Amino acid sequence: MRGVVRGLFWIFAITTATFAFAQPQYGAAMQGGGALDQRGAAEQIFALANEARLQAGAGELEWDPALAQAALQHCRRMAQEGPIAHRYGGEPDVSGRAAQAGAHFSVIEENVAVGPSADAIHEEWMHSPGHRSNLLSRDVDHVGIAVVAARGVLYAVADYSRAVQSLSQSQVEARVAELIRPSGVGILRDSTLARQACTTDGGIPRGSSGQTPRFVMRWQDADLSHLPQALSEHLASGRYREAAVGSCPAQVAEGSFTAYRVAVLLY
């Protein structure tokens with residue numbers, strides 16, 4: 001399962017596969033006492049995934065405790081239900097589960113499986129085009145994995161994401177202001193009017209003093225590492241001396257994906 005949000009657009013696609021093994025052969029998933037080692041299996045799947053990503057040049061994944069908690073909740077439900085699925089009745093989808101667990105992300109993908117051991121599950125994912133694509137995706141950088149032992153086999157869930165830093169309104173504004181400063185345009189301390197403009201879809205706001213911005217840019221995105229091209233071009237024109245930056249909650253219905261909405265007023 002995969003979800004992506006960038007800017008004002010998001011896409012969603014599903015890839016599902018079920019793996020059944022008639023005669024489980026417990027390998028690395030067995031503990032000395034005979035019980036299936038759930039934590040060890042999750043750690044092994046994590047290690048195998050990063051080995052595969054390094055070989056593919058995709059870069060290592062970082063462990064995300066919130067994603068791991070979301071994966072565990074769903075994995076327990078899979079073990080209870082028996083047949084595996086990405087979603088059961090009354091359950092949020094993967095983006096909802098991850099958000100409820102405290103994860104912040106712009107991309108979310110999920111692999112599920114049932115198998116006799118951690119290495120067998122990893123191999124099945126690597127030999128399934130959809131699951132391999134999720135596991136080796138360059139669009140993700142974090143993962144949370146959960147394994148539950150039931151019925152003599154292992155149920156596994158891996159939730160992959162591109163993590164988004166959780167920022168407050170003032171932190172968003174400060175980050176955008178830092179991107180503007182190299183242009184030589186000064187940043188106004190009062191963000192009130194820019195915050196008001198952020199909450200609207202259009203129009204030119206007018207301050208109480210009657211001062212009207214000459215250009216207004218509104219956008220929302222999960223990535224605050226760069227400015228929109230149109231705004232960069234205006235800043236480079238030399239026609240503006242000051243800017244006000246305001247942030248507000250994202251307005252587009254993007255489910256549980258993290259995005260930031262910003263307005264910049266140029267004077």
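In what follows, residues are counted from 1 in the order of the sequence shown. The structure presented is a predicted model; accordingly, all values stated were derived computationally and were not measured.
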Distance alone, cut at 3.5 Å: any donor-acceptor contact between the side chains of [X] and [Y]?
| X | Y | answer |
| --- | --- | --- |
| Q44 | R39 | no |
| E51 | Q55 | no |
| H74 | E91 | yes |

Testing the basics here: between [X] and [Y], what is the closest heavy-atom pair and its distance to 0.1 Å?
| X | Y | result |
| --- | --- | --- |
| D119 | L48 | CA-CD1, 3.8 Å |
| R53 | V140 | NH2-O, 3.3 Å |
| A113 | W125 | CB-NE1, 3.4 Å |
| A41 | A118 | O-CB, 3.6 Å |
| F257 | S106 | CD2-O, 3.7 Å |
| Y155 | A150 | CE1-O, 3.7 Å |

Quick test of your reading: applying salt bridge (charged side-chain N to carboxylate O under 4.0 Å, His left out), list the pairs with at least one residue in residues 56-79, sequence neighbours left out, ordered by first then second residue. R77-E81
Please answer whether the main-chain N or O of [Y] pairs with a side-chain N or O of [X] as donor and acceptor at a distance below 3.5 Å.
| X | Y | value |
| --- | --- | --- |
| Q196 | L193 | no |
| D159 | G144 | no |
| S191 | A194 | no |

Below 4.5 Å, heavy atoms only, C-beta onward: do [X] and [Y] meet side chain to side chain?
| X | Y | value |
| --- | --- | --- |
| F105 | H142 | no |
| Y267 | T212 | no |
| L167 | R175 | yes |
| Q211 | R206 | no |
| V216 | V264 | no |
| V112 | H86 | yes |
| W219 | L231 | yes |
| P205 | L265 | yes |

Do the side chains of [X] and [Y] join up, straight or via other hydrophobic residues, at under 4.5 Å, putting them in one cluster?
| X | Y | answer |
| --- | --- | --- |
| L72 | V157 | no |
| V185 | V176 | yes |
| V148 | V94 | no |
| L154 | V143 | yes |

Taking salt bridge (charged side-chain N to carboxylate O under 4.0 Å, His left out) as the definition, give me every residue that meets it alongside R138, ordered by chain and number, with sequence neighbours left out. none
Kindly write out the residues that satisfy salt bridge (charged side-chain N to carboxylate O under 4.0 Å, His left out) with R218, not counting sequence neighbours, or none if the list is empty. none
N/O donor-acceptor pairs under 3.5 Å from side chains in residues 239-250, not counting sequence neighbours:
| unit_1 | atom_1 | unit_2 | atom_2 | d |
| --- | --- | --- | --- | --- |
| R239 | NH2 | H234 | ND1 | 3.4 |
| Y240 | OH | H234 | ND1 | 2.9 |
| S247 | OG | R261 | O | 3.0 |

For the pair L136 and M126, evaluate side-chain contact (heavy atoms from CB on, under 4.5 Å) and give the outcome as yes or no after the intermediate values. CA-CA 9 Å; L136 299 180; M126 288 295 290; 4.3 Å; yes
Distance in Å, [X] [atom1] paired with [Y] [atom2], rounded so as to fall on 0.5 Å steps:
| X | Y | atom1 | atom2 | answer |
| --- | --- | --- | --- | --- |
| L224 | L179 | CG | CG | 7.5 Å |
| S117 | H122 | OG | NE2 | 11.5 Å |
| D139 | N134 | CG | CG | 10.0 Å |
| Q100 | Q69 | CD | CD | 11.0 Å |
| H127 | R132 | NE2 | CZ | 8.0 Å |
| E109 | S133 | CD | OG | 6.5 Å |

Checking S95 against I108 for the side-chain contact (heavy atoms from CB on, under 4.5 Å) test, could you report, in this order, the C-alpha distance in whole Å, the side-chain angles of both residues, the deciding distance, and whether it holds? CA-CA 6 Å; S95 66; I108 189 79; 4.1 Å; yes
For S183, which residues count as a side-chain hydrogen bond (donor to acceptor under 3.5 Å, both in side chains) partner, sequence neighbours excluded? none
For R97 and E110, run side-chain contact (heavy atoms from CB on, under 4.5 Å): C-alpha distance rounded to whole Å, both residues' side-chain angles, the deciding distance at 0.1 Å, then the answer. CA-CA 11 Å; R97 296 193 300 269; E110 182 174 80; 2.6 Å; yes
Could you check I180 against L235 for side-chain contact (heavy atoms from CB on, under 4.5 Å), going step by step and ending with a plain yes or no? CA-CA 8 Å; I180 293 174; L235 289 169; 4.0 Å; yes
Other cluster members, L54 - Ile/Leu/Val/Met/Phe/Trp/Tyr, side-chain contacts below 4.5 Å: none
Is any NZ, NE, NH1 or NH2 atom of the basic residue among R181 and E178 found under 4.0 Å from an Asp or Glu carboxylate oxygen of the other? yes
